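Keep in mind the model is a prediction, meaning the values are calculated, not measured. Here is the naming used below: chain letters follow the sequence lines, and residue numbers restart at 1 for every chain.
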Number of protein chains: 2
Amino acid sequence: MKTDLNENEDLSTQIAEAIRDAIIEGSLIVDQRLPSEAELCEKFDVGRSTVREALKRLAAQNLIRTQRGAAGGAFVNRMSFEEAYDQQITTSTLLLSMNRVDFETACEARYALERSCAPLSAQRRTPDQLATMRAEIHRQSQPGLTDEAFCASDVAFHRALVDGAGNPVLSYQLAGAVEAMQPLMNIITYTQRDRDRIVALHTRLADAIEGQDGDGADSTLSELAEYTVELGRNRLTSSKQS
Amino acid sequence: MKTDLNENEDLSTQIAEAIRDAIIEGSLIVDQRLPSEAELCEKFDVGRSTVREALKRLAAQNLIRTQRGAAGGAFVNRMSFEEAYDQQITTSTLLLSMNRVDFETACEARYALERSCAPLSAQRRTPDQLATMRAEIHRQSQPGLTDEAFCASDVAFHRALVDGAGNPVLSYQLAGAVEAMQPLMNIITYTQRDRDRIVALHTRLADAIEGQDGDGADSTLSELAEYTVELGRNRLTSSKQS
DNA sequence: ACTTTCTAATTGTCAGACATTTACTTGCCC
DNA sequence: GGGCAAGTAAATGTCTGACAATTAGAAAGT
């Protein structure tokens, strides 16, 4: 681990970067214990608060975890898919909401990515995932559902579809795209007719996935994408008029 | 912003979460100044170090930035695509390297995602992006290139392809998939024959993109994916034998 | 052998001090 | 009045020392 710091950033930033690089580069391996705070103070020749701030930075990125007590300390954390999901979702959500990304662009990205899962999902989906999709479709067709609940169910449906590809890396990458869209989707007010149409498309999609018809799933997703963009466009137009 | 904290986590974690939630929820908007450290101490009734650790956590996630001086303080940061890229790449890289994700799975995910960009890229790529692709192909065919430089050029080529879709959200999502693969790709030792084959495929890909032939690009990518998986498989087999 | 107690190591938190940076004010000179 | 310089105040960055809380392991006693 490098110990010479000469940039013009904060000391805690530099120290955090030095340790992060050591983790990425592999000289600190998973579950390995970092030197104690006191030792890091000596090694980098800084005060304890500075070291602690650096460690907190790393903890915020799930790179390390800390334990108190005698055999405690900071340990290199094995980044779990769960943690990575959450980070990805937070980042994506903020990225979309803070940069005035328009609905159409986000929608295009989301469905483009999702379509890349469809053929794999048609091939590999488990009965369990198929059942989840059916269950969500059933929920979506129940009357009296709030728009938000409908949206949440939509997300669950699409996640089941994505997970059907049986590729955790794909699931991880898609988590951001699908979940981060939810706040944008929530601007849509669904009429009963909209919902009927979406449920019909979801049903066709589930049928295709069940029948291992990759092309069918792909084209249905394509239709769904088009319809969603259209809904978003109408919503924007009507809100401008009002 | 909530100020009552009663969980059993660190104080700095709780405070960071409270502020983060306020940012996500929208009660703290972009470029808004947070209360000074002293004010936050009062508000949450904790010491200054605790507040500072919380702020460093947020800074590590690019949620805030800080300025020194009289009119300084912590400000809600507009998450830039650049920052989001970097975060995504770090997270993805560590996720893959720490969870023994096998080459095949990662490769499948990467090319599946990339294929979702191909048709859009064929439609919209700028001459500039096309030129980048050609330039990288040229570099790749030069003799005496190290494996690492070849890999780097490969990444640059594929990023140009992805950027060609003209959708920043897609570029962002793909950044992780493409860049995070690089360490895994680096285990491959390319023979001259491998390189020739890859350059030929890249050329076909660039031709398809130039000719706005989405299907052609898609099928070429598919071939490239297959070939890359094969290379990885051979590499693993031979390393097991040695 | 088992339980209890003690001890030491380590992180979590607080308080106070000083350094550094920076915007703004004040005062002086022209 | 305008411009320049010095000073001032507010804020973050850093250091030090102290104590609290937690925990593993050693020591002691039965």
Once side chain to side chain contact (heavy atoms under 4.5 Å, CB included) is applied, do any residues pair with A:Asp102, and if so which ones, sequence neighbours excluded?
A:Glu104, A:Thr105
Readout for nucleotides 8-16 of chain C: B = base within 4.0 Å of protein heavy atom, S = sugar-phosphate only, - = neither; 5' to 3' it is -BBBBBB--
Side chains of B:His138 and B:Gln142, heavy atoms from C-beta outward: is any pair under 4.5 Å?
yes
Selection residues 63-82 of chain A - residue pairs positive for salt bridge (charged side-chain N to carboxylate O under 4.0 Å, His left out), sequence neighbours left out:
A:Asp31-A:Arg65
Residue set satisfying ring pair (Phe, Tyr, Trp, His ring centres under 6.0 Å) with A:Phe157, at least two apart, ordered chain then number -> A:His202
Students should find this one: the first and last nucleotides of DNA chain D, 5' to 3', lying under 4.0 Å from a heavy atom of chain A. What are they?
D:dG13 to D:dA24
Contacts of B:Arg52 meeting salt bridge (charged side-chain N to carboxylate O under 4.0 Å, His left out) (sequence neighbours excluded), chain-then-number -> A:Glu53, B:Glu37
Name all residues meeting the ring pair (Phe, Tyr, Trp, His ring centres under 6.0 Å) criterion together with A:Tyr85; count only those two or more places apart in sequence or in a different chain, and write none if there are none.
none
Restricting to salt bridge (charged side-chain N to carboxylate O under 4.0 Å, His left out), what partner residues turn up for B:Glu179, sequence neighbours left out?
B:Arg159
What pairs meet the salt bridge (charged side-chain N to carboxylate O under 4.0 Å, His left out) rule with one or both residues in residues 106-117 of chain A, with sequence neighbours excluded?
A:Glu108-B:Arg124, A:Arg110-A:Glu114, A:Arg110-A:Asp154, A:Arg115-A:Asp218
Degree of bending in the helix from C:dA1-D:dT30 to C:dC30-D:dG1 once both end axes are built from five pairs, to 10°:
10°
Looking at residues at least two apart in the chain, or sitting in another chain, which of them share a side chain to side chain donor-acceptor pair (under 3.5 Å) with A:Asp147?
A:Arg195
All ring pair (Phe, Tyr, Trp, His ring centres under 6.0 Å) counterparts of B:Tyr111, not counting sequence neighbours
none
